[in-house]
Structure formats: structure tokens, C-alpha cells
Trainee: 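Right, I'll just put the structure down here and ask away after.
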Amino acid sequence: MSIYELVAAWFSDPGNWTGPGGIPARFAEHTAYSAAAMAVAAAIAVPLGLATGHTGRGGLLAVGLANAARALPTIGVMFLVVLAMGIGLVPVQVALVVLAVPPILVNTHEGVRAVDPGLRDAAAGMGMRGPQVLLRLELPVALPMVLLGLRTAAVQVVSTATIAAYVGVGGLGRFIFDGQNRQEFGMVAGGSLLVALMAVLVLVFFWLLRRLAVSPGLRAREAAVRE
Amino acid sequence: MITFEGVTKRYPDGTVALDGLDLRAPSGRTTVLVGSSGSGKTTALRAVNRLVEPTGGRVLIDGTDVRERDPALLRRSIGYVIQQAGLFPHRTVLDNIATVPLLLGWGRRRARSRAAELLELVGLEAAQGRRYPHQLSGGQQQRVGVARALAADPPVLLMDEPFSAVDPVVRAGLQDELLRLQSELHKTVLFVTHDIDEAVRLGDGIAVFRPGGVLAQYDTPERLLAEPVDTFVEGFVGYDRGVRRLSFFPASRLELHTDAVLDGGRTAGAAARTAAATGEPWLLVTGAGRAPLGWLSAGRAAAADPERPLESLELEGYGHIFHVEADSLRAALDAAVLSPAGRAVGVDPGGAVLGVVSQADLAAAIWSVGEDTVGEDTVGGDTVGGQDHG
Amino acid sequence: MGEVIRWDWIARGLEDPIGTAVLQHLQLSLVPIALGLLAALPLGVAAARWRRVYPPLLTVVNVLYAVPSIALFFLLLPYTGLTMWTAVLPLALYTLAILVPNIVDGLHQVPGHVRQAATAMGFGPLRRLVLVELPVAVPAVIAGLRVASVATISMVSVASMVGLGGLGALILREGFNNRFATPIIVGVVLTAVLAFAVDGLLVLAQRLLTPWVPRPARGRERKGVR
């Protein structure tokens, strides 16, 4: 059988679509792991990035740490955390959060820093207090960058959650590693395609989110800046 | 009234941005702070709404020290306009204008309808309220900036080089607009600029700052141009200050001559006779409603077929004209300099020629200006404080 | 885990597996960076010249960039087997998402009057590109290369999951599979060291290549991280 036939056969096997090891279940697991890690990472990194961006304090440290984190191999971070904490879902989640925080933090920080000082001056001059400047001016203007950071982190998390299956948790990576162990190439390729699909869905999700959440007044400027 | 009492701003590194400023900006008038960069004019402005906290002295608004008020509440009661307008890019024009009313807790509906009123006041169309700032031109953005500052009807307006980022033609339009608004609204305006022409145009009083944050002179525009206190101010107001000063004298004091003005229906022969009789080297030809058509030289009038009507001859363009009732001596001088005949054409509001001013008459008028003293030692009716000269 | 770092293991394994892994890692990352640059230059030049090409091209490389490397490695495996190409081809594709926009930005930075002056002096389009536009774009291109090389060097580790070598193999096979922390830490640290070393060399290269650029204002780096 050719590779295409193997993959087609795997996708068309109804047994692969049901039960706890079926495609929908694995897809749901993968989504749940990723979403949970993203929620925690965003809850940490967005407020932190807003704070460092707004006050200008600790920004260099945050950006430096995040840039250094970029040079670390994700599998190293993941296996180290799992080895230190033991096999299980929590260590995997911790590793995912650790990897997701830096891009969100840096982009949020840079996004807030990039707000035109003239706008801050206008906001303060009109009598906005610090939190009002942050929520009514800096956050909405920085939103495209915040979303870019979240998207970058989400792509990273979806990818790393795949590798997490190697240590025994669920998700789409299971198809890849189980298929590899059983020498079933249709399953390996099918799992890989599903992972790729999920990554594309993440892009679509963030594209929609940006259409909904970012003011049209910013989108034209953004087209010029281009991400 | 905004009062500066010995206001000093010294930064920790030792830089002095503002050095013991004493100044009173009267209510309902426009006071312009002018100077080069680093002269402390913006620091002075920002001390009023506490965006800068002075290290010495105090600022009072109608007798109350601004430090007694919560900074945010103080700022909501003061309009603030900055260079580049500082409009929020993520909000529509209408929502930008409604910013301060919303901060004051007006409720969305009332804030929006107030914003719509202001949009009209500054000369923008209602449809532009739904747009975003980047969809407007620089001049329109600046108008929105002014509307936003006026939204909560603050008695005091601080304007920090609001028109310096737009081109000269648009700037002139914005200045006119501000003069019109001020004639209706009578706000207490502090206006910062580095452009002495803008200062002269807009200010009831002008405070000139010298580098180091020291007030050099505070006076009415007329006196500033007539009697700069020292060489610094003289240099700052420009070596053409004499010409600028002509702006404060009406053109109506000029003597107008009509003997060299001829209707286009008259003949070249008649024109040649008039030229000979008056000794005028240039004749002004007018058309329907006495509107100017152009200049005819005496030589050409003599050389032309005596029977031809003047309007069929080739005439020199009449160039600039001045409005006798509305314009200043400066406009008349301008018109004369730009005219091929070296003479200025004065017209009435309907555009009909009232007469021609000869160079000799202009020279006499300018000479009399030099003799004139600027009588009032006041800015906008209140005595000028803080500056002693004489 | 006992001792976190077993120095004796490191001492014994300096040459093999550590040294071997470093060399493999360099090969698996530098080849895709070089290939990526080779492909990105004509793509970037084309996108800068024919502006309509650019948005769709950008969408394609951005979507590719989002697809996890592990998926691409496994999809390529039956075609390329356990050769370096299994890792090199996807990684080279990823660099395009960073390099192409940087090249386009860099080329757009060439001021119009410089371009016109070059044309006025009789430069044809190709000579102008090679002698004027590309040199002006060098800082932007190197800024892109720096981001791309750090990302690639870190991503190569994933190639160990399909059975390829490099520092990822040290982490996975020597470390995790033996529940032994030392090789993992060594792998992580060395990956970061390699990334910073290559980054430093690129900074140096830019100073040598573009002596006219003032030091503090190195190539305009794009804000944020990918």
C-alpha cells in the first residue's frame, strides 16, 4: 500500500473515530491541555507584561529572560520538568506554561511600551488615572501585539503538547508515538496531519479573535506595520 | 485667571527648566507663551494641570493653588490640546471627543450628543464622527483635538504647540478657527508656540521666554513688537518686526486716490490725457461693479490707438489687493510690493475699487506709525504683571 | 534523581556522546539556515519588487511556520528516512517565515533618492540590486538571520523524536529514556550556548559587513518574538 492509501485507510477506519483513544477524544484532550496551559500562562504573563510595560520597571529583565528562554530546546525543558516532578499531566502542564509565558510576556510588554508617549500624555492630561490609562488606552492599543504573543505561544503549546504524548499523557501525539511503536505508518502520518490541522485552527482562531477584538481604527495602522 | 508665582522647575540632574516665573494670564483671554525649545514654556503650561510638579513657587487658578486639587479631577476641569492632537487611534472621533465627559460620569448618551455638538462647533461633518482618527487629515485631527478639549466646557484651555505639525495653509485655517471659537467662548487660554507670527496672531498677551526658563518680556503683541525690552527679544520677534507692527494699524488711515482710476469702457485717448494731466505713470482700469481689471502704463496708453476701449488693451495683472475696512497697513504694503505698478489697490467688502495708494502715501503712513506711541500698557484689559520696563 | 549533575559522566562523555552531539546539532541547524537564506533572498527580492506577490507568500510561510516541526518531521520520514534532510527541509522552510519579511523590509528601507541616484549613474536593475539595495538591506537580513538561527538551533532538538541525532538525542536517549538528568541539563545548556554563540558571530559579521551602520543602532530588529 502507498503512503496515501495507508493514511486514507487510517482515517476511514470507523474504529479510529470512537472511544477514549479515538480521534475526537484525542483532539479534545489536546485542545484541553493546550487551552488550560494557555489560560494559566496568559493569566500570569498578560498582567505582568501590562505592569512592566505601564511602569517601565522590570522590562529589561522580562525581555532578557524571555529572549534567553527562546534559545532553550522545548523538549529539554519538558523532559527536565517531567523528570523532576514525575510522570503525569501536571508536570506536562507546568512545562507548557513555562514555554508559553515568555512570548506572551515580551509581546505584551513591547506592545504597551510601543504606545505613543503623546497618547499617554493626552490621557493623563485629560484626567485619566493610572489604571484608566492602562485599561482604556494602553491595553486596547497594545492588543494586536498581545494577541500576536498569545498566538505565538499557542502555536508553541500545541506543538509541545504533541511531544508530551511521549511521556505517556494523551493528545494527538499519542497517534504519532503509538503508531511509531507499532510500525503503523498510517497512524503516524494521520496523527501528524491532525496536529498540523490543529495548528492551522489556532491561526484561524486568532485571526477571528483579532477581527472581533481589535478596533478597526488600529487595523489599518497595523497593516502598515505588518506582523 | 491663571497666576504663576515664582514657579521654578529644577530637575534632579540640576537642569533648570523654569526659573522663578511670575505671570498672570487673565480670564477669558488668550495668553501665548513663546520661546525656543528649552525655554521652559511647555514646562510652565504643564505646571498648570500638574503634569509637571514645580520644585518652587505655586500656580493658582482663580486664586486656588492647583496643588490643593486631586490631579485627575483638576485635569478633567482643564482642556488640554497637544501637538499631533494625541487622538486615541482605537476610538472613533465621536468617542474621542466624549472622553472627558465619560470620565466625569456623564453617561454615554449625553456624552455622545455633546460630542456631536462639538464636532459641529469645530467645523466637521456629523459623518466624520463615526470615523477613526487615521481616516482624517492632520488639520481635521487637530480640530477634533480642540473639540475633545472643549467637551466638558472647561473654563481653562491649555494648548501645547497644537498647530505646529500641520502645513502653513492648514495652520492659518486652524488659527482663524481658534480666533472664531475664542470670540464665542471666551476661555482662559494658555497657548504654547515657538512661532512668533502665530503668537502675534492669536495672543491678547505674549510672554517671551529665553533659554534657561526665564521670562524675558510679557506684553501685548503691539508693545512687544514696538518696544522689545532687550536684544534677545528683539532678535526673537525678528528684524522685520517693524513690518509686523504694521499689522496693528488699520489700512483705513491711508489716503486713497481715484483720479488715476478709469472705467474699462473709456478710450485709450482719454487714458493718455488723464495720465498727462495727473502725471501718474500707471492707471488702474476697472470693469463691471468697479472691480479691478489691471494696470495700464502711461506709455502704453499713449502708444495705443486712441479710439480703442481700455478693456480691450493688454493690461498688467493687478496682483494683490487690500480691503480698506478690514485689512491692516501691512496688507496694504504687501499689496503695493506685489503690484507691478508699485501701488496698492484698496477695495470695499464687495470688491469694488475705492482707490489707489501711492508709494509716497504709504511711506507717509509708515512714517506716522513710527511716530505713534503704543498707548496702553495692558494685556486684555488687565494690567500686565511680572514684567517691569519703561 | 540523586545528584542533579554528575560531573564524572560529563568528563567521560566529553568526546562521545557530547562532542558528537554538538557537531551533529551544528550540522542540522546551520544547513537549514543556509538553505533558508538561499531560498529567502530571491523570494524576498521578488516580493519587494512585485508587491502583490507578498501578502499570499507571507500567509503561506506563516501557516507553514505554525505547523509543529514534529508533524513535518514524521510526514517526511518515509521519503527521506533517517537522513539529515528529514530535519533540514522543514527547518529551512521555517526560516522563510522570519527571513522573507526581514529581507522585504530591508529592501524597502533603501531610500528612493538612493535608488534614483544609482539609476542615474547608469546602474541596471541587477547591478543596482547587488551593489546598492542588498548592501543597504544587510542589517535587516542579519537581524532576521539572528532570530532564525536561535529558533532553528532550539528546534533541531525535536528531530531526536524521529531518531535523528544532535543535542536532542542527548536529551532524549541518554537523558530521559534513562531517567538521567545530567545529559538533559547538558543538552539544554549546550543548545543555549550554541544559539548565543551563533548569534554573537552574526553580530560580528554584521559589523564587518556594514561598517557604515552606527554601532548602537544595529539592524532594525522586529519587535516581539516568534
Side-chain angles (χ1 to χ4, degrees), chain A residues 46 49-50 53-57 107-108 110-150 209-227, chain B residues 42 45-52 69-105 130-136 141 144-145 148-152 154 156-162 165:
Chain A
V46 173
L50 289 178
H54 178 73
T55 61
R57 277 186 215 134
N107 281 285
T108 305
E110 297 283 6
V112 175
R113 289 318 296 163
V115 174
D116 180 355
L119 294 180
R120 279 180 228 268
D121 185 53
M126 284 189 292
M128 287 192 180
R129 299 180 193 280
Q132 286 171 326
V133 175
L134 183 64
L135 293 178
R136 297 189 190 191
L137 172 68
E138 290 170 331
L139 180 57
V141 174
L143 197 57
M145 281 289 279
V146 176
L147 289 178
L148 179 63
L150 286 169
L209 194 58
R210 205 177 63 173
R211 302 278 316 189
L212 286 174
V214 174
S215 157
L218 291 170
R219 269 194 246 128
R221 301 203 321 170
E222 207 189 334
V225 174
R226 199 186 44 243
E227 40 164 77
Chain B
T42 294
L45 183 94
R46 291 164 68 89
V48 176
N49 64 357
R50 296 187 63 185
L51 286 171
V52 165
R69 301 185 58 190
D70 172 82
L73 297 180
L74 172 77
R75 291 169 193 160
R76 288 172 203 174
S77 72
I78 297 174
Y80 185 49
V81 189
I82 59 175
Q83 200 181 344
Q84 313 275 19
L87 300 181
F88 291 176
H90 60 294
R91 289 194 181 170
T92 61
V93 165
L94 218 54
D95 285 344
N96 261 290
I97 300 175
T99 304
V100 176
L102 287 174
L103 283 172
L104 292 170
R130 290 188 297 276
R131 298 197 169 181
Y132 286 92
H134 74 88
Q135 295 170 307
L136 303 184
Q141 289 186 22
V144 176
R148 184 171 70 172
L150 291 170
V156 174
L157 208 53
L158 305 178
M159 307 184 81
D160 189 0
E161 305 220 16

Trainee: Taking side chain as everything from C-beta outward and backbone as N, CA, C, O, which of these in B:R131 sits under 4.5 Å from a heavy atom of chain A? Side chain, backbone, both or neither.
Mentor: neither
Trainee: Evaluate the side-chain contact (heavy atoms from CB on, under 4.5 Å) criterion for residues A:M128 and B:T99: first the C-alpha distance (whole Å), next the side-chain angles of each, then the deciding distance (0.1 Å), finally the verdict.
Mentor: CA-CA 9 Å; A:M128 287 192 180; B:T99 304; 3.6 Å; yes
Trainee: Can A:R129 and B:D70 be counted as an ion pair, charged N to O under 4.0 angstrom?
Mentor: yes
Trainee: Just verifying a value: how many Å separate B:Y80 OH and A:D121 CG, rounded to the nearest 0.5 Å?
Mentor: 3.5 Å
Trainee: With rounding to the nearest 0.5 Å, note down the distance linking CG in B:L103 to CZ in A:R136.
Mentor: 5.0 Å
Trainee: To the nearest 0.5 Å, tell me how far B:R148 CZ sits from A:M126 CE.
Mentor: 3.5 Å
Trainee: Roughly how far, to the nearest 0.5 Å, is CD of B:Q84 from CG of A:D116?
Mentor: 7.5 Å
Trainee: Which atoms form the tightest heavy-atom contact between A:V141 and B:P89, and what is the distance?
Mentor: CG2-CG, 4.0 Å
Trainee: Please report the closest heavy-atom contact between A:A122 and B:I82, naming both atoms and the distance.
Mentor: CB-CD1, 4.0 Å
Trainee: At a heavy-atom separation under 4.5 Å, does B:L87 approach chain A through its side chain, its backbone, both, or neither?
Mentor: backbone
Trainee: Could you give the distance from CG (A:L137) to NE2 (B:H90), rounded to the nearest 0.5 Å?
Mentor: 6.0 Å
Trainee: Nearest heavy-atom pair of B:Y132 and A:S215: which atoms, and what distance?
Mentor: CE2-OG, 3.4 Å
